[in-house]
Asks: 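For reference, the structure I am asking about is given below.
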Amino acid sequence: MRWKKAKSKSVPERQEAEIVQLTEPDAYMPDPQLRVTSLSLLGTRKSQQDWLEYGTLSSGQFAAVLCDGVGGLNGGERAAACACAGFLEECETAIQQGQAPDLTRIARRLDTRVIGLTDVDGMPLDGGSTLVAVLGRGSSFRWVTVGDSRLGLFRDGQLIWLNRLHNYRLELDEALSEGAISQAEYQAELPRSAALLSYLGCGELRYIDVQNIQLVPGDLLLLCSDGLPGLLTGLELSRLLAQLTPKLNNLTELLSPYLNQTRTGLDNTSAIFIRYQ
């Protein structure tokens with residue numbers, strides 16, 4: 001299997017965003033209908049806790065996975081690396097057993113893997129990671145997400161986010177729609193709305209989203225950590241995607257103007273771009 005992954009790199013703390021690591025190889029073609037490329041940026045953080053991999057499985061299916069280590073927990077980098085590699089391993093195991101990979105089951109197994117990580121003293125690492133992954137061939141894909149990393153579909157000039165963000169706001173929205181809380185209570189809780197409720201390593205995953213998607217020629221799938229929406233507004237990201245060439249070879253050129261701006265507190269940013277042609 002050919003694969004590409006984001007690597008970890010530690011640097012002194014900086015106050016300005018800069019291109020510390022940008023992985024943009026010539027677009028990989030797992031089959032004649034797909035073209036894939038990726039990027040990974042450190043931002044203003046001290047280390048990279050995003051991990052991504054993609055390639056062709058032994059079954060001939062294309063797989064792509066991106067994981068973001070959960071901030072505030074120890075071992076986010078290790079948790080993301082474990083989940084990222086584990087996703088492909090679990091897919092291959094199912095294939096070798098003559099089964100179709102069960103993405104819900106795989107997410108739960110990855111949760112167990114991350115929970116089992118230990119430090120040098122054998123103590124629980126207490127790490128966590130998000131998950132966004134796709135698996136398919138040609139125009140037919142299946143996807144899975146856990147946490148607040150994103151899966152987007154760019155079609156006919158419009159970017160649509162396909163997955164829910166598994167954070168406290170999701171619970172608040174559900175409670176408000178059901179009449180369980182008032183609008184005033186909803187507004188009072190919004191400052192805490194970004195807190196994750198479901199991520200690999202939390203145990204007993206509360207939310208796992210799995211769906212099928214059928215692509216049409218010209219579609220572009222975007223897997224990304226939450227750092228990308230932090231770097232570009234929705235309109236800026238849509239404009240960037242609209243300007244990507246069919247070969248996806250002008251990504252650096254399009255992204256550079258945003259990276260040259262002085263920004264503080266910029267998160268790790270990683271993304272995988274998959275064009276169906």
Side-chain angles (χ1 to χ4, degrees), residues 5-6 8 17 19-23 38-54 64-73 75-81 83-84 87 107 110 114 127-134 143-154 159-173 190-202 205-209 220-238 240-241 251 255 258-259 261 263-274:
K5 68 181 179 181
S8 171
I19 305 177
V20 175
Q21 180 184 345
L22 177 58
T23 302
S38 64
L39 67 86
S40 181
L41 306 170
L42 191 58
T44 55
R45 297 303 176 91
K46 293 183 178 181
S47 64
Q48 174 63 273
Q49 294 197 348
D50 291 350
W51 282 74
L52 64 87
E53 298 193 30
Y54 54 87
V65 54
L66 186 150
C67 298
D68 180 3
V70 176
L73 293 181
E77 179 183 330
R78 282 188 58 196
C84 198
F87 177 81
L110 294 179
V114 173
S129 174
T130 69
L131 170 72
V132 55
V134 297
W143 58 262
V144 57
T145 63
V146 179
D148 62 359
S149 290
R150 297 193 173 193
L151 176 66
L153 171 65
F154 187 68
L159 176 62
I160 303 170
W161 296 115
L162 300 177
N163 63 306
R164 303 181 299 174
L165 304 185
H166 301 154
N167 54 27
Y168 183 41
R169 180 157 191 165
L170 176 60
E171 183 179 83
L172 288 175
D173 289 342
L190 276 182
R192 300 193 297 124
S193 63
L196 285 182
L197 298 180
S198 188
Y199 57 87
L200 302 181
C202 71
L205 291 178
R206 185 168 179 177
Y207 298 106
I208 305 173
D209 287 349
L220 190 146
L221 284 177
L222 170 64
L223 290 70
C224 66
S225 61
D226 62 350
L228 188 61
L231 177 64
L232 289 83
T233 66
L235 180 58
E236 289 171 338
L237 183 54
S238 292
L240 182 148
L241 297 176
L251 183 55
L255 196 59
Y258 302 101
L259 297 173
Q261 300 177 31
R263 304 192 183 194
T264 60
L266 184 63
D267 197 0
N268 297 155
T269 301
S270 296
I272 303 173
F273 302 79
I274 306 167

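No hydrogens, no waters, no symmetry mates; every other heavy atom, side chains included, goes into these values.
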Asks: Please round to the nearest 0.5 Å and tell me the distance separating atom CG of D148 and atom CG of L197.
Replies: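 Spacing of CG (D148) from CG (L197) equals 10.5 Å.
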Asks: What are the two closest non-hydrogen atoms of L223 and A64, and how far apart are they?
Replies: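 Closest approach of L223 to A64, heavy atoms only: CD2-O, 3.8 Å.
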Asks: Is there a side-chain contact between L41 and L231 in this structure, where contact means two heavy atoms from C-beta onward sitting under 4.5 Å apart?
Replies: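 When only atoms from C-beta onward are counted, L231 and L41 do touch, with a gap below 4.5 Å.
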Asks: What is the distance from atom CG of L240 to atom CG of L232, rounded to the nearest 0.5 Å?
Replies: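 Here the rounded value is 6.5 Å.
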Asks: What I'd like to find out is whether the side chain of V65 reaches to under 4.5 Å of the side chain of Y54, using heavy atoms alone.
Replies: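 No - every pair of side-chain heavy atoms lies 4.5 Å or more apart.
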Asks: Counting only N and O atoms by type, is there a donor-acceptor contact under 3.5 Å from the side chain of D68 to the main-chain atoms of S225?
Replies: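 Looks like no, no N/O pair under 3.5 Å.
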Asks: Tell me every residue that passes side-chain contact (heavy atoms from CB on, under 4.5 Å) with R169, counting only those two or more places apart in sequence or in another chain.
Replies: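 Applying side-chain contact (heavy atoms from CB on, under 4.5 Å) to R169 gives N167, D173, Y186, L190, S193.
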Asks: Would a 4.5 Å heavy-atom cut-off, applied to side chains only, mark L241 and L220 as touching?
Replies: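 When only atoms from C-beta onward are counted, L220 and L241 do touch, with a gap below 4.5 Å.
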Asks: Do you know which two heavy atoms are closest between E53 and I272, and how far apart they sit?
Replies: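 Looking at all heavy atoms of both residues, the shortest contact is O-CD1, 4.0 Å.
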Asks: Going by the rule side-chain contact (heavy atoms from CB on, under 4.5 Å), which residues pair with R164 if we only count those two or more places apart in sequence or in a different chain?
Replies: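 side-chain contact (heavy atoms from CB on, under 4.5 Å) check on R164 returns H166, L170, E174, Y207, D209.
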Asks: According to side chain to side chain donor-acceptor pair (under 3.5 Å), who are the partners of S149, at least two apart in sequence or on a separate chain?
Replies: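 Side chain to side chain donor-acceptor pair (under 3.5 Å) check on S149 returns T130.
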Asks: Check whether any side-chain heavy atom of L151 lies under 4.5 Å from a side-chain heavy atom of W161, and answer yes or no.
Replies: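 SC-SC contact between L151 and W161 ruled out.
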Asks: For the residue pair E77 and W51, what are the closest heavy atoms and their distance?
Replies: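 Taking E77 first and W51 second, the nearest heavy atoms are O-NE1, 3.5 Å.
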Asks: Any idea which heavy atoms bring L205 and A107 closest together, and the distance?
Replies: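 For L205 and A107, the tightest heavy-atom pair comes out as CD1-O, 3.7 Å.
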Asks: Quick check: closest heavy atoms across F87 and L110, and the distance to 0.1 Å?
Replies: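 The pair with the smallest heavy-atom distance is N-CD2, 3.6 Å.
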Asks: Can you sort out the partners of A271 under side-chain contact (heavy atoms from CB on, under 4.5 Å), two or more places apart, ordered by chain and number?
Replies: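 Testing A271 for side-chain contact (heavy atoms from CB on, under 4.5 Å), a comparison that skips the adjacent residues, returns L39, L222, C224, L228, F273.
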Asks: Side chain of E171, backbone of Y168: donor and acceptor closer than 3.5 Å?
Replies: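 Here the side-chain-to-backbone pair does not exist.
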Asks: Run the side chain to side chain contact (heavy atoms under 4.5 Å, CB included) test on V132 and V146 for me, step by step, so that the C-alpha distance in whole Å, both residues' side-chain angles and the decisive distance to 0.1 Å come before the verdict.
Replies: CA-CA 7 Å; V132 55; V146 179; over 6 Å; no
Asks: Can you see which heavy atom on L52 is nearest to which on S270, and at what distance?
Replies: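 So the two residues come closest at CD2-CB, 3.9 Å.
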Asks: Find the distance between CG (L162) and CG (L221) and round it off to the nearest 0.5 Å.
Replies: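 So the CG of L162 and the CG of L221 are separated by 7.0 Å.
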Asks: Hey, does L153 have a side-chain heavy atom less than 4.5 Å from the side chain of L159?
Replies: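 They are not in side-chain contact.
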Asks: The criterion is side-chain contact (heavy atoms from CB on, under 4.5 Å); which residues satisfy it with A83, sequence neighbours excluded?
Replies: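 Listed in chain order: C67, V114, S129, L200.
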Asks: Quick one: OG1 on T269 to CG on L255, what's the gap to the nearest 0.5 Å?
Replies: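 CG of L255 is found 8.5 Å from OG1 of T269.
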